[in-house]
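Below, chain A is the first sequence line, B the second, and so on; all start at residue 1. Because the structure is a prediction, the values reported are computed rather than measured.
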Amino acid sequence: MATSLAAPPGNFDAERVRRDFPILEQQVNGRPLVYLDNAASGQRPLAVLRAVEHYETHTHANVHRGVHALSQAATDAFEGARERARRFINARSTREIVFVRGTTEGINLVAQSFGRPRLGRGDEILISALEHHANIVPWQMVCEQTGCTLKVAPINRRGEVELEALFELLNSRTRLVAVAHVSNALGTVVPVERIVQAAHSCGALVLLDGAQAVAHSPIDVRALGCDFYAFSGHKLYGPTGIGVLYGREELLEEMPPWQGGGEMIRTVSFERTTYNDLPWKFEAGTPNISGAVGLAAAMDYLESLGLEALAAHEQRLLAQATAALERLPGIEIIGTAAHKAAVLSFTMRGCHPHDLGTVLDSQGVAIRTGHHCAMPVMTFFDIPATARASFGCYNTEADVAALVAALEKAREVFG
Amino acid sequence: MDLKDLYRDVILDHNRQPRNFGALAHSDAHAEGHNPLCGDRLTVWLRFEGDRIADIRFEGKGCAISTASASLMTEAVKGRDKAAIKELYDRIHVLLTEPHAAADASLGKLAALGGVSEFPARVKCATLCWHTLNAALEHSADAVSTEE
Ligand SMILES: Cc1ncc(COP(=O)(O)O)c(C=O)c1O
């Protein structure tokens, strides 16, 4: 992610990209839709919709189960998607790519299958103060189950993880460090390479929550050096209900299955069950096959746009929007890290984020308001909520202008 | 969807200058309300004379709809007894949840909340104070009855 600020300008044609997203063509409350809630979920390009439709109309059957033609084709499509995901994050092997429902399920899998059997009293899990609830609650559950302790590295007023403080919290009892690659509430890009290095030198493993990172710049899990990496398809313009947990093969190999059922077994008798190989050991039950197909199409699509050029485009929009909001009276930007993804959280004096959300919606501008599933971040800044605009591949300068105009409208209403 | 219908002048005024705002010393009952989804929090304090609310104040942080609704509520219920408040709440509920509900003249200034019904996502903002008031009334039930 360090590439984002330094990325070359490139000529990214967001107007053309827009035409790939039919949902953007509509009016909302009588105005053209300006979709700025990409951190919550991205929209799907035609390429994804068509890939899913083609799968559903030509290929669908259950996977890994039949000798008939469709079952073969569906299995090929599903396993092809796994290979696509492997390439997308540069994992060594498809055995390291576990399909899950999304980031949340990926983190829970690690908590329950890696954490629960081997953690106990005296062990520590280290997270940061900017985590999404999905990277807090599963660890609290493991702590309750095993008696291990959850440690939290602080953030500063800019919304950056205090690295020195985090390094001080690392010690021989630390078994796992779980941090976001990019914060959804603040946009902070976390220097995860340095965290991985420090954690490994203490003998701790590292899980990265990549939910907000994958759609904004190329991800290379081997270069990052992390042990686990979790992300969701719907944040990178793919379907909901599908995501990936990457885990280093040696680790996944040692971990017990976390759910039992079909797919994950090799042989079953009432006396003894043997488990399937990686990654199927972790995929009990019929998977989300069309979701995986759609996710693979989304990865193709993103790479066809060029992730470096896309990152540069988003950084331009972020810089424009930041500059424009700084000029508006009464706006305070929450999250001013030196390295940010295209996420802009803010408050407006005299206008609660909820009211802001309603006014902006009336102008066709979709943003997110609330605590963004990061209540501790809100507590840290002593605010109940923020308004958050987040940019994606189809956003343009005109969208930034619409956001600013809608904020001026809110100022007009609330004086 | 008309913004002006939601953010009527009365609402904006009560948001900017909430009435009966701040803790009530010597209260007989109080309750805290919280809407975890949007972070709104408020506390309602009551002082009774018999079955009647002699004084009511509130304090909290919330959006314009929740603040104005609480402010308007305090004005509307002061001096009323529990039965009257219950009846008022039922009518408010219709106002907030049924679009195009016939204007109910007896609601007085509370009628300014009529635009909320067009914004389903905002109904909870307007009802938080009423739920909190109900909780305070329930807490007080024991205290009041032991005194009688
Ligand atoms: C940083 C971060 N982690 C985890 C999640 C959870 O993702 P999902 O709901 O797709 O499982 C999100 C999504 O909001 C997120 O932004």
Side-chain angles (χ1 to χ4, degrees), chain A residues 26-33 37 40 133 136-137 185 330 334 345 347-388 405-415, chain B residues 1-18 21 32-43 58-72 96-97 99 112-132:
Chain A
Q26 66 186 299
Q27 305 251 315
V28 167
N29 293 316
R31 311 256 181 156
L33 167 64
D37 195 16
H133 296 163
I136 302 174
V137 184
I334 309 293
S345 242
T347 57
M348 180 186 264
R349 200 181 329 110
C351 182
H352 190 279
H354 232 130
D355 296 309
L356 211 46
T358 295
V359 175
L360 265 57
D361 185 48
S362 77
Q363 307 297 300
V365 178
I367 59 160
R368 173 83 185 271
T369 59
H371 53 59
H372 316 295
C373 294
M375 284 190 185
V377 172
M378 301 297 120
T379 306
F380 175 80
F381 286 101
D382 194 24
I383 46 180
T386 74
R388 181 188 71 187
L407 289 172
E408 281 166 349
K409 172 83 185 174
R411 179 48 71 214
E412 201 182 297
V413 174
F414 283 89
Chain B
M1 164 164 178
D2 186 355
L3 271 187
K4 287 220 175 60
D5 202 34
L6 181 64
Y7 296 116
R8 297 180 198 176
D9 289 342
V10 176
I11 304 283
L12 294 172
D13 173 42
H14 277 254
N15 176 45
R16 231 168 273 138
Q17 293 164 18
F21 192 82
E32 282 167 35
H34 184 207
N35 182 346
L37 224 57
C38 53
D40 286 1
R41 272 176 195 284
L42 71 97
T43 308
F58 84 102
E59 196 172 69
K61 272 189 184 162
C63 64
I65 302 302
S66 101
T67 303
S69 177
S71 173
L72 289 164
L96 293 176
T97 54
L113 289 164
V116 172
S117 62
E118 304 281 345
F119 295 78
R122 307 303 301 275
V123 171
K124 278 209 285 285
C125 309
T127 51
L128 177 64
C129 60
W130 288 93
H131 293 308
T132 313

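D5(B) CG to S117(B) OG: the interatomic distance, rounded to the nearest 0.5 Å, is 8.0 Å. Here the straight-line distance linking atom CD1 of I334(A) with atom CZ of F381(A) works out to 6.0 Å at 0.5 Å rounding. In this structure, L360(A) CG and D37(A) CG are separated by 11.5 Å, a value rounded to the nearest 0.5 Å. We find the CG-NE2 distance between N35(B) and H131(B) to be 9.5 Å, quoted to the nearest 0.5 Å. Within the model, atoms CD of E32(B) and OG1 of T43(B) stand 4.5 Å from one another, a figure rounded to the nearest 0.5 Å.
In this structure, N29(A) contributes its side chain and D361(A) its backbone to a donor-acceptor pair below 3.5 Å. A distance-only check finds a donor-acceptor pair linking the side chain of R122(B) to the backbone of H354(A) [under 3.5 Å].
Residue contact with chain A, scored on non-hydrogen atoms closer than 4.5 Å, is absent for R41(B).
The contact list for residues 7-17 of chain B toward chain A, using heavy atoms and a distance under 4.5 Å, reads Y7(B), L12(B), N15(B), R16(B) by residue number. Within residues 366-380 of chain A, the residues having any heavy atom under 4.5 Å from a heavy atom of chain B are, by residue number, H371(A), M375(A). The contact list for residues 405-415 of chain A toward chain B, using heavy atoms and a distance under 4.5 Å, reads K409(A), V413(A), F414(A) by residue number.
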Expected list for residues 58-69 of chain B: side-chain donor-acceptor pairs under 3.5 angstrom, two or more places apart:
{"residue": "S66(B)", "atom": "OG", "partner": "D40(B)", "partner atom": "OD2", "Å": "3.4"}
{"residue": "T67(B)", "atom": "OG1", "partner": "G62(B)", "partner atom": "O", "Å": "3.4"}
{"residue": "T67(B)", "atom": "OG1", "partner": "C63(B)", "partner atom": "O", "Å": "2.9"}
{"residue": "S69(B)", "atom": "OG", "partner": "A126(B)", "partner atom": "O", "Å": "2.7"}

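Considering every non-hydrogen atom in both P353(A) and A385(A), the closest pair reads CG-O, 3.5 Å.
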